[in-house]
Amino acid sequence: AVTDLPLPTSANPQAVSAYRVGLQALQDASWGVALLSFRRAAELDPGLASAHLRLAQIGVDTGLPTTEVRASFQRAVQLRAQLSPRDQQLLEVLEPLIAYDPPDVGAHDRRLAAARERYPGDAEFLVMTLLSPSLAPDAMLALADKALAMDPRSADALQMRARALGLLDRAAEAEQSIERCLAVSPASNDCLRERAFMFAERGECSRAEGDLRRWMAVNPSTDEPYLALATMLVTQGRPRETVGAVLEQR
């Protein structure tokens, strides 16, 4: 599991503590929390290569401005001698997505496959493969099960398993998987989102609203739950002031 990886060393123990919180947030699929934690670690110790590496990684997945993502990546490159061989491999995997213009997804996928071959017991590289938009649902399900065999508490793997099952019209199993995710990681952004959209698709708007508001509470720094909730309130014909209040809160 990503939380089993060795922690970096730093003269500032608070930086290492913030980095540890970020790894746990990755495990929990709470990307907003991870972003804030790795940013904090880099502020406390600007020479902490691992924090800059993780900021670049998170930036790609959360849509941070390209300039900010590239700055974090370049700092990680400058400090790469401090990275473990495994994290140097992660740096290479991310390079085609960040340093190439335009990004080269094919090169990224090939490097990710090489990382999986070199570190076959590393759940994170497998989960990164799971996030590829080109995966067919049956392949996604097989990979998710493989990732969960390595790391049964991986919230991202549980979420993607639920998504695959939903795409395969196995709704009851999909809901069981997402409930399992929220049992092991109650604050998981991704799993709250997945369940909220499940409820919305079934017309269970009050349950969807509850999950969206919970998501806003655990991760107030991202736009998505506010926009999703505002959109849902509009489709329900709720008063303009109710919709506006959600956006004003953001």
Side-chain angles (χ1 to χ4, degrees), residues 1-6 8 19 22-31 34-35 38 49-64 66 68-77 79-164 167 181 188-190 194:
V2 67
T3 48
D4 294 330
L5 295 172
Y19 185 84
L23 288 185
Q24 184 62 59
L26 285 183
Q27 173 86 353
D28 291 338
S30 291
W31 293 81
L35 172 63
F38 292 132
S50 297
H52 295 288
L53 171 64
R54 292 296 181 175
L55 273 175
Q57 177 190 18
I58 292 288
V60 170
D61 290 306
T62 56
L64 286 183
T66 301
E68 184 176 345
V69 176
R70 285 183 172 169
S72 295
F73 181 81
Q74 288 302 321
R75 186 64 175 144
V77 169
L79 299 168
R80 65 187 178 277
Q82 299 177 22
L83 296 172
S84 67
R86 185 265 183 203
D87 278 357
Q88 289 184 22
Q89 184 101 35
L90 177 58
L91 189 71
E92 291 181 15
V93 168
L94 294 174
E95 183 182 26
L97 296 181
I98 298 172
Y100 293 11
D101 191 10
D104 189 335
V105 177
H108 164 75
D109 289 347
R110 289 190 294 273
R111 293 188 187 192
L112 186 53
R116 285 176 53 194
E117 185 173 345
R118 182 176 178 186
Y119 297 97
D122 193 309
E124 184 180 21
F125 287 129
L126 197 53
V127 169
M128 289 174 69
T129 306
L130 260 178
L131 301 178
S132 169
S134 62
L135 277 181
D138 52 350
M140 187 188 302
L141 179 59
L143 276 178
D145 284 338
K146 187 174 180 181
L148 289 167
M150 293 183 196
D151 178 10
R153 301 180 68 84
S154 170
D156 273 323
L158 286 164
Q159 181 219 0
M160 298 309 290
R161 184 176 190 275
R163 183 172 298 178
L167 292 169
C181 176
S188 169
N189 295 346
D190 289 353
E194 200 76 25

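What's counted below: heavy atoms across the whole structure, side chains too, no hydrogens, waters or symmetry copies.
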Any idea which heavy atoms bring [X] and [Y] closest together, and the distance?
X      : Y      : value
Ala34  : Gly22  : CB-O, 3.8 Å
Ala164 : Pro137 : CB-O, 3.5 Å
Met150 : Pro120 : CE-O, 3.0 Å
Arg163 : Glu194 : NH2-OE1, 2.9 Å

Any donor-acceptor pair under 3.5 Å from [X] side chain to [Y] backbone:
X      : Y     : value
Ser72  : His52 : no
His108 : Val93 : yes
Gln24  : Thr3  : no
Arg70  : Ala99 : no

Show your reasoning for whether side-chain contact (heavy atoms from CB on, under 4.5 Å) applies to Leu64 and Leu55.
CA-CA 10 Å; Leu64 286 183; Leu55 273 175; 5.6 Å; no
Sequence neighbours excluded, which residues qualify as salt bridge (Lys or Arg N to Asp or Glu O under 4.0 Å) partners of [X]?
X      : result
Asp151 : none
Arg116 : none
Glu68  : Arg39

Atom CG in Leu91, atom CZ in Arg111: separation rounded to 0.5 Å?
9.5 Å
For the atom pair CG (Asp138) and CG (Leu141), what is the distance rounded to the nearest 0.5 Å?
8.0 Å
Residues 123-134, side-chain donor-acceptor partners within the protein, below 3.5 Å, at least two apart:
residue, atom, partner, partner atom, Å
Glu124, OE1, Arg54, NH1, 3.3
Glu124, OE1, Arg54, NH2, 3.2
Glu124, OE1, Arg86, NH1, 3.2
Glu124, OE1, Arg86, NH2, 2.6
Glu124, OE2, Arg54, NH1, 2.5
Glu124, OE2, Gln57, NE2, 3.0
Thr129, OG1, Phe125, O, 3.0
Ser132, OG, Ser134, N, 3.4
Ser132, OG, Ser134, OG, 2.9

Before you tell me yes or no, could you show the steps for Leu53 and Phe73 under side-chain contact (heavy atoms from CB on, under 4.5 Å), namely the whole-Å CA-CA distance, both residues' side-chain angles and the distance that decides it to 0.1 Å?
CA-CA 6 Å; Leu53 171 64; Phe73 181 81; 5.6 Å; no
Show your reasoning for whether side-chain contact (heavy atoms from CB on, under 4.5 Å) applies to Asp156 and Trp31.
CA-CA 10 Å; Asp156 273 323; Trp31 293 81; 3.4 Å; yes
Not counting sequence neighbours, which residues clear side-chain hydrogen bond (donor to acceptor under 3.5 Å, both in side chains) with Asp145? List them please.
Arg161
Can you name the side-chain hydrogen bond (donor to acceptor under 3.5 Å, both in side chains) partners of Arg75, sequence neighbours left out?
Gln78
Any side-chain heavy-atom pair of Leu83 and Ser50 under 4.5 Å:
yes
